[in-house]
Amino acid sequence: MEGDCLSCMKYLMFLFNFIIFLGGACLLGVGIWVIVDPTGFREIVAANPLLFTGAYIMLAMGAMLFLLGFLGCCGAIRENKCLLLFFFMFILLIFLAELSAAILAFIFRENLTREFFTKELKKHYLRNNDTDVFSSTWNSVMITFACCGVNGPEDFEAIPHLPHSSLEKATPEACCQRELQSREGMFVDKEACLRGVERFQNRQGCYAVILNSFETYVYLAGALAIGVLAIELFAMIFAMCLFRGIQ
């Protein structure tokens with residue numbers, strides 16, 4: 001009876017990891033194709049920073065799942081204790097990293113308020129200084145989401161403008177409307193935007209834009225995260241049971 005149970009667990013684990021292996025291979029293939037595709041799709045992705053970042057995330061996740069599935073499949077079907085131990089340790093590291101991220105997100109959730117971001121922006125933002133990581137990140141966010149500041153352009157009134165600018169209330173270039181929402185996109189009218197002409201500025205604050213963009217996915221992401229953690233936990237239990245059952 002114990003042998004039948006162990007055999008059933010072995011083939012279930014192989015099937016489960018084979019599905020992970022195929023999923024990882026598909027993600028890896030799509031990620032590589034998107035990045036190296038010579039037919040023009042790469043230029044479309046490169047024009048959008050979010051899509052470009054997503055392609056590399058897809059590539060990394062595909063490689064991780066590919067390796068994870070391979071270790072699980074080989075360890076289960078060959079009853080190799082070394083591979084099963086590697087599989088267990090790999091899953092454990094991912095599980096602990098995800099659990100730590102979830103705990104940190106819960107602890108610091110109260111800091112992610114409109115007031116907190118507004119205070120940090122006014123304190124650290126250096127306008128068009130792309131050598132500063134904080135400013136460069138904010139500029140990328142504002143360009144990508146076609147927004148300005150946390151609440152709107154008024155957030156920058158207390159921030160000193162560039163020394164060579166004669167404008168009393170210089171609006172950052174990142175807040176100016178562009179024909180294409182990327183750093184390479186042409187300005188609709190840069191001079192008018194910097195003079196404060198509102199119709200050439202992105203007037204909506206980034207806090208509301210980003211919140212509205214991701215609000216519908218919050219509960220889905222939470223449910224998915226719980227499901228992934230549960231699957232990883234069961235995978236570790238199966239791997240350890242199989243590891244202990246192998247003579």
Side-chain angles (χ1 to χ4, degrees), residues 1-38 41-42 44-46 48-109 137 213-214 216-247:
M1 185 69 182
E2 186 178 344
D4 291 339
C5 183
L6 189 64
S7 181
C8 180
M9 189 179 295
K10 179 178 78 172
Y11 288 111
L12 278 174
M13 187 171 172
F14 173 81
L15 181 63
F16 171 74
N17 283 285
F18 186 67
I19 293 170
I20 292 178
F21 176 80
L22 288 178
C26 289
L27 282 177
L28 194 60
V30 171
I32 293 171
W33 173 68
V34 167
I35 291 169
V36 304
D37 174 47
F41 187 68
R42 185 177 184 274
I44 297 172
V45 173
N48 190 318
L50 283 181
L51 288 177
F52 193 66
T53 304
Y56 279 101
I57 291 173
M58 185 186 299
L59 193 66
M61 287 199 61
M64 184 182 70
L65 292 174
F66 183 86
L67 178 61
L68 188 64
F70 177 79
L71 288 173
C73 283
C74 291
I77 205 68
R78 299 185 62 180
E79 297 185 2
N80 188 307
K81 296 184 81 169
C82 184
L83 288 176
L84 284 172
L85 187 60
F86 271 117
F87 175 81
F88 176 83
M89 294 301 295
F90 197 10
I91 287 276
L92 181 62
L93 286 173
I94 296 171
F95 181 84
L96 291 175
E98 291 173 346
L99 194 61
S100 300
I103 292 171
L104 287 173
F106 180 78
I107 292 173
F108 293 106
R109 72 190 188 282
T137 302
S213 299
F214 292 104
T216 54
Y217 301 103
V218 169
Y219 294 109
L220 180 62
L224 187 62
I226 292 171
V228 168
L229 288 173
I231 291 170
E232 289 171 351
L233 187 60
F234 278 111
M236 286 190 291
I237 293 170
F238 269 48
M240 192 46 62
C241 289
L242 196 56
F243 178 86
R244 291 174 60 86
I246 295 172
Q247 300 301 323

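Heavy-atom basis, side chains included; hydrogens, waters and symmetry copies ignored.
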Enquirer: Is Asn17 close to Phe21 at the side-chain level, that is, under 4.5 Å between some pair of heavy atoms?
Expert: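 In short, these two side chains do not touch, never coming nearer than 4.5 Å.
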Enquirer: Give the minimum heavy-atom separation between Leu65 and Ile20, together with the two atoms involved.
Expert: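 So the minimum-distance heavy-atom pair works out to O-CG2, 3.5 Å.
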Enquirer: About how many Å separate CG of Leu96 and CD1 of Ile91, when rounded to the nearest 0.5 Å?
Expert: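 Going from the CD1 atom of Ile91 to the CG atom of Leu96 covers 11.5 Å.
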Enquirer: Looking at Leu59 and Leu28, what are the two nearest heavy atoms and their distance?
Expert: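 Distance-wise, the nearest heavy atoms are O-CD1, 3.6 Å.
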Enquirer: So which atom in Met64 and which in Phe90 form the shortest heavy-atom distance, rounded to 0.1 Å?
Expert: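 Scanning both residues, the minimum pair turns out to be CG-CZ, 3.7 Å.
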Enquirer: Can you give me the closest heavy-atom contact between Phe87 and Ala239, atom names plus distance?
Expert: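 Heavy atoms of Phe87 and Ala239 come nearest at CD2-CB, 3.7 Å.
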Enquirer: Is the number of heavy atoms from other residues, nucleotides or ligands within 6.0 Å of CZ (Phe95) greater than 12?
Expert: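 Enclosed.
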Enquirer: Measure the CG-CE distance between Leu71 and Met89 for me, rounded to the nearest 0.5 Å.
Expert: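 CE of Met89 is found 12.5 Å from CG of Leu71.
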Enquirer: Give the intermediate values and the outcome of side chain to side chain contact (heavy atoms under 4.5 Å, CB included) for residues Tyr11 and Ile77.
Expert: CA-CA 7 Å; Tyr11 288 111; Ile77 205 68; 3.8 Å; yes
Enquirer: Within a radius of less than 6.0 Å around CZ of Phe14, do more than 12 heavy atoms belonging to other residues, nucleotides or ligands occur?
Expert: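 Yes, because the 6.0 Å sphere around CZ of Phe14 holds more than 12 heavy atoms from other groups.
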Enquirer: Roughly how far apart are Leu83 CG and Phe88 CZ, rounded to 0.5 Å?
Expert: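 It is 15.5 Å, given to the nearest 0.5 Å.
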Enquirer: Surrounding CZ of Phe86 (heavy atoms of other residues, nucleotides or ligands, distance under 6.0 Å), is the total greater than 12?
Expert: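 Result for CZ/Phe86: open.
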